[in-house]
Amino acid sequence: MSLRTPVGPHDHVQGALDAPIVLLEYGDFECPYCGEAYAEIKAVQGAMGPSLCFAFRHFPLSNAHPHAERAAEFAEAAATIGRFWEMHDILYENQRALDDRSLSRYATELGLDDALVASALGGNFSERIRRDFQGGVRSGVNGTPCLFLNGERYDGPREPESLITMMRRML
Amino acid sequence: MPDLELPDVGQAAPDFSLPRSPREAMTLAELRGRPVVLVFYPADWSPVCGDQVTLYNEMLPTFDEYGARIVGISVDGPWCHAAFAKDRNLEFPLLADFEPKGDVARRYGVYDARHGTTERALFVIDANGIVRWRYVSPIEVNPGADGILDALDALAAKGDTA
């Protein structure tokens, strides 16, 4: 299965878009398996350095995870002041505390003003989140986390050692 | 009862009447006039099925945009479906192909007699009740929804959605 919308400047990325390896995750901030993947991907990023570009797109399954959509809203609100990845990390490190009060607190700590917090609470970023979700469905995303490696679906083992070994072979 | 072949694309989808709750039935014919996505899945509560129906539930607004109805079918009984739907907040009907067990799945050629469940299969049926797309997934693979949306796009392009 291939990615229909390539990773590009519109995406949230860590690393250079022209890195030899581009890993994309479709993720949900409240999904426990995404929480596991968060730590695994951090380890892979540490080992691969600049040869890896990591991108994140939203795929909240709101009926299963009641706080996922709102958490994604806050990540987008943080992105408007250049703090997407800090919020991404805070959310995955606090998956058990994603209620509105906690989200607002994380936002304030990252320097989001009251208007941005209100904006996230009001669902002002839902369009972007829905676009990510729809694009994911079109690319065959069927649950989270869902990974694409250089544009191809990756369903193999996620342990850092496996991913690192495979990525080094790709270099 | 002998199993029938998978209905071909272009053939009429076999009609059926199945319980959608402990008290009500639903027929395929009553959905005529709009595209229908039939989702045969092996079992309520199984991990892969749970992910699959969760995804479709999340996509209900998208199916609405196509004017399409989505319906799940498994051999679980209506009370089992009711508990599963409540647990997962599912907002689309789950039909019980429970008695005679798997009868509708057999008529669609997607009964797995070895496991006593339906296979994991998708059908997109147009507003006139004609099968326009079908896909049988490996049992352990959640087929996602990209194929369904492509099929609904093809119907919309032909003006068959409403």
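Reminder, nothing fancy here: chain letters follow the sequence lines and each chain counts from 1. Since the model is a prediction, treat every value here as computed from it, not as a measurement. All values below come from the heavy atoms of this structure, side chains included, with hydrogens, waters and symmetry mates left out.
- Taking the six-membered ring where tryptophan is involved, the planes of Phe84(A) and Phe56(A) are tilted, since the angle between them lies from 30° to 60°.
- Contacts between Asp150(B) and chain A at a heavy-atom distance below 4.5 Å involve backbone atoms as well as side-chain atoms.
- Interface remark: Gln52(B) contributes no atoms to any contact with chain A (heavy atom separation under 4.5 Å).
- Residue Val137(A) touches chain B through both its backbone and its side chain, counting heavy-atom pairs closer than 4.5 Å.
- The candidate from Asp51(B), Leu149(B), Asn89(B) with the greatest count of non-hydrogen atom pairs under 4.5 Å with chain A is Leu149(B).
- In summary, the aromatic rings of Phe59(A) and Phe29(A) are positioned with their centroids too far apart to meet the 6.0 Å limit.
- The residue among Gly143(A), Ser62(A), Ser139(A), Gly136(A) with the most heavy atom pairs within less than 4.5 Å of chain B is Ser62(A).
- Both tests hold for Arg106(B) against Tyr111(B): distance to the six-membered ring centre under 6.0 Å, angle to the ring axis within 45°.
- Side-chain N or O atoms of Arg120(B) include none that pairs as donor or acceptor with a backbone N or O of Asn142(B) at under 3.5 Å.
- Formation of a donor-acceptor pair under 3.5 Å by the His81(B) side chain with backbone atoms of Leu95(B) is found in this model.
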